[in-house]
There are 4 protein chains.
Amino acid sequence: MKRNKPKYKQIIDAAVVVIAENGYHQAQVSKIAKQAGVADGTIYLYFENKEDILISVFRERMGYFVEKMKEVIAGKETAAEKLLVMIENHFNILSRDRNLAIVTQLELRQSNKELRMQINEVLKEYLHVVDDILRFGQAQDEFDKNMDIRLARQMIFGTIDETVTTWVINDQKYDLTALAPAVHKLLLNGCALR
Amino acid sequence: MKRNKPKYKQIIDAAVVVIAENGYHQAQVSKIAKQAGVADGTIYLYFENKEDILISVFRERMGYFVEKMKEVIAGKETAAEKLLVMIENHFNILSRDRNLAIVTQLELRQSNKELRMQINEVLKEYLHVVDDILRFGQAQDEFDKNMDIRLARQMIFGTIDETVTTWVINDQKYDLTALAPAVHKLLLNGCALR
Amino acid sequence: MKRNKPKYKQIIDAAVVVIAENGYHQAQVSKIAKQAGVADGTIYLYFENKEDILISVFRERMGYFVEKMKEVIAGKETAAEKLLVMIENHFNILSRDRNLAIVTQLELRQSNKELRMQINEVLKEYLHVVDDILRFGQAQDEFDKNMDIRLARQMIFGTIDETVTTWVINDQKYDLTALAPAVHKLLLNGCALR
Amino acid sequence: MKRNKPKYKQIIDAAVVVIAENGYHQAQVSKIAKQAGVADGTIYLYFENKEDILISVFRERMGYFVEKMKEVIAGKETAAEKLLVMIENHFNILSRDRNLAIVTQLELRQSNKELRMQINEVLKEYLHVVDDILRFGQAQDEFDKNMDIRLARQMIFGTIDETVTTWVINDQKYDLTALAPAVHKLLLNGCALR
DNA sequence: CATGAATGAGATTTCATTCAT
DNA sequence: GATGAATGAAATCTCATTCAT
């Protein structure tokens, strides 16, 4: 069950490809094994069960996601700038790994409640990053101090997520990253005229 | 296959209860039949197949949803007011039918891609309502005319959806409807200080 | 259960049409009822069960078959002539009622062993007709007296049956009746040169 | 899906036994699996689906049939002798494998049209053997050159088939092979006195 | 460490038949 | 006599997981 052996990554990568190409319900363990170039039984030397593969896909990739986010955010001075690079990076990473986009936005959502709960656990880390930006913005007098942090986080995450999902459903046929500034503006200022 | 016979509604209602209580993947046709108080075979006098039951759950309830929305929205003068009653009603309807909330926010999303496509078809009607409010707001000089309608709609729907889902995941333990004004304010003004 | 009421015949006729058009396994009772223009339940006022419909189809039509045979055979003097008109009539009747041909040669043979046993019971009458011709031929010194009647009957029936079945399988695209003289000659003289 | 692994034959053999003992419609996959001493799922490692098992039963056994025929026929000089050994062997093989006789003469004929079409495809090979004998006989001036090959083949096959079926229906209670010379004589010379 | 053949539980759907009206 | 809505039993096939090699 060593997570640093090469076959571990191999299987995770294979799972992303297989799920993206076949859909969640057609991603059988034997297909993942074949794509990874290992025997079916070998999967179980590295993962507890099928659910463990899926949650691991999310954890590994989302871990990279959050690390990346923290890095680029730290490099910015204002909350507005931090929010912008976060959105840009979110869009950018998924634009570049289109299979991952399909898997996280469409396929993995078909998993059962229990798996989704675990995925939410992983997501929390990402939500903390959003919260940090929001609190930082309030402290810097950039953001409204009366604003409910939890609701604002739901707005930010919900908007980003819905935007990416719509892009995936439309077969990724437009430039997602290009939408970042407009989304950023909307999240900062809302719909109303100023 | 008549949709106005009492058993049709009876089965739809049973499906909502069974899915909410057992989860999507444990909602066997025989469980739904038992809950509805009919024989398994009777289900197939009213629905083509299992998928048809699930689609119908969504269509029937969402149909009511959209009708209700259009009604309350028409009664308001400004875009801001229209948006507020839309959010209030969305939250309110799901607050009152907690099983439906579980089914739409968590369970039905586990369905396969094809079923989700059909659900999206039903959802489009709701998204049109949002679009109408946004365009109305622009025409009335309440909303920013440079705003991308599609992105704004994604923000509004994404925020509402994420808020409801979070509430469901947290076992519906707080008052969802009470959040409507704060969500409304966020959507109108964003996070930034004015 | 009166067999002389008009609906009895109506249902038999409907059964032939439905089986010919849909095949044995797709000939549901409800389809037959619809074709006959009666309610499903009405079927059971005239027939014990589905099997009874099928066996009745065979009995009614084959009854006519045998009557016809006896009639035309009685009008001929020699065994050879009797055999010829029997073959001609067999081919002719099925040529004219192509649905019946499909039903007797292909579809009804898919029925279960029990039903086929009953059909064989009905067929026996027809086989007796053949036996009568054979014995008459032997008495008249037209046919070989050492010949095993049972085997000869199997040859005659088997040949006729196989010929009709082949014609049905080939979509009845050639003139079956035209084959009667050649089949007759073969049955009388065999393959060997004289 | 390897056809040379021992379990492949094992399942075919089990299918013959189960179908013969229970009838076509009562030959569930689970019964066949049990008879073969494997798990239900194992069946599907060797066969596409249930129909594939049935086709394979026919193909495997009929393949042996045709091979055997060609062999014994090649060893004879005259068309008459060839025909005789063909009939003898046909009767003999089915006499020795009585379950197979039940399956081919009664049970497999209950299959749906599609399966029967496939079975006919396999049968064609056998019919070619008959045709070859007939043409050989004509070339050797043993058989009537004016004879329609197709009709003669239908007579031969129809007679043999009907003879075997009658024997099976009568519970195989007489010696089928003993009938071969008489059947042979009938096919060569017909019913008529010479 | 790695393999892959074997396992076996579990669910949708059809359709002959009934019976209250 | 006639209706037709309701019944409910029954069977194929999939696929995650194991374990002998």
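This structure is a prediction, so every number in the text was calculated from the model and none was measured. Letters go in sequence order (proteins before strands), and every chain restarts at 1.
Remark: C1' of E:dC1 and CG of A:Asp40 are 16 Å apart, rounded to the nearest angstrom. Whole-Å rounding puts the D:Tyr46 OH to E:dA5 P distance at 8 Å. Atom C1' of nucleotide F:dT12 and atom CD1 of D:Ile32 are separated by 11 Å, given to the nearest angstrom. Atom pair C:Lys7:NZ and F:dA2:C1' shows a separation of 6 Å (rounding to whole Å applied). Atom pair D:Leu54:CG and F:dC13:P shows a separation of 10 Å (rounding to whole Å applied). The distance from atom CD1 of A:Ile43 to atom C1' of E:dC1 is 15 Å, rounded to the nearest whole Å. As rounded to whole Å, 16 Å separates atom C1' of E:dT12 from atom CZ of B:Phe47. Between the C1' atom of E:dT18 and the CG atom of C:Asn49 lies a distance of 13 Å, rounded to the nearest Å.
For F:dG4, the OP1/OP2 oxygens have no side-chain nitrogen or oxygen of C:Lys34 closer than 4.0 Å.
Between A:Glu51 and D:Ala27, it is D:Ala27 whose nearest contact on DNA chain F lies nearer the 5' terminus. Of the residues near DNA chain E, D:Gly41 and A:Thr42, the one whose nearest nucleotide (by heavy atom distance) lies more toward the 5' end is A:Thr42. Where A:His25 and D:Ser30 each meet DNA chain F at their nearest nucleotide, the meeting point lying more 5' is that of D:Ser30. In terms of position on DNA chain E, the residue among B:Gln26 and D:Ala39 whose nearest nucleotide sits closer to the 5' end is D:Ala39.
No side-chain heavy atom of D:Met62 sits under 4.5 Å from any side-chain heavy atom of D:Glu125. The shortest side-chain heavy-atom distance between C:Asp52 and C:Arg59 falls under the 4.5 Å cut-off. At a threshold of 4.5 Å between non-hydrogen side-chain atoms, the residues D:Leu94 and D:Phe65 count as touching. Side-chain atoms of C:Ile19 and C:Leu54, non-hydrogen and from C-beta on, do get closer than 4.5 Å to each other.
In this structure, of F:dT3, E:dT7, E:dT12, it is E:dT12 that holds the atom nearest to the side chain of B:Gln28. The side chain of A:Tyr44 approaches F:dT17 more closely than any other nucleotide in the set F:dT17, F:dT3, E:dT14.
Classification of the A:Tyr8-A:Phe47 ring pair by plane angle, with boundaries at 30° and 60°, yields parallel.
Residue D:Gln110 comes nearest to C:His25 through the heavy atom pair O-NE2, 3.4 Å, listed as atom of the first residue, atom of the second, then distance.
B:Ile53 contributes atom CD1, which lies 5.0 Å from atom CD1 of B:Ile43 (distance to the nearest 0.5 angstrom).
The C1' atoms of five pairs define one axis at each end of the helix from E:dA2-F:dT21 to E:dT21-F:dA2, and these two axes lie 10° apart (to 10°).
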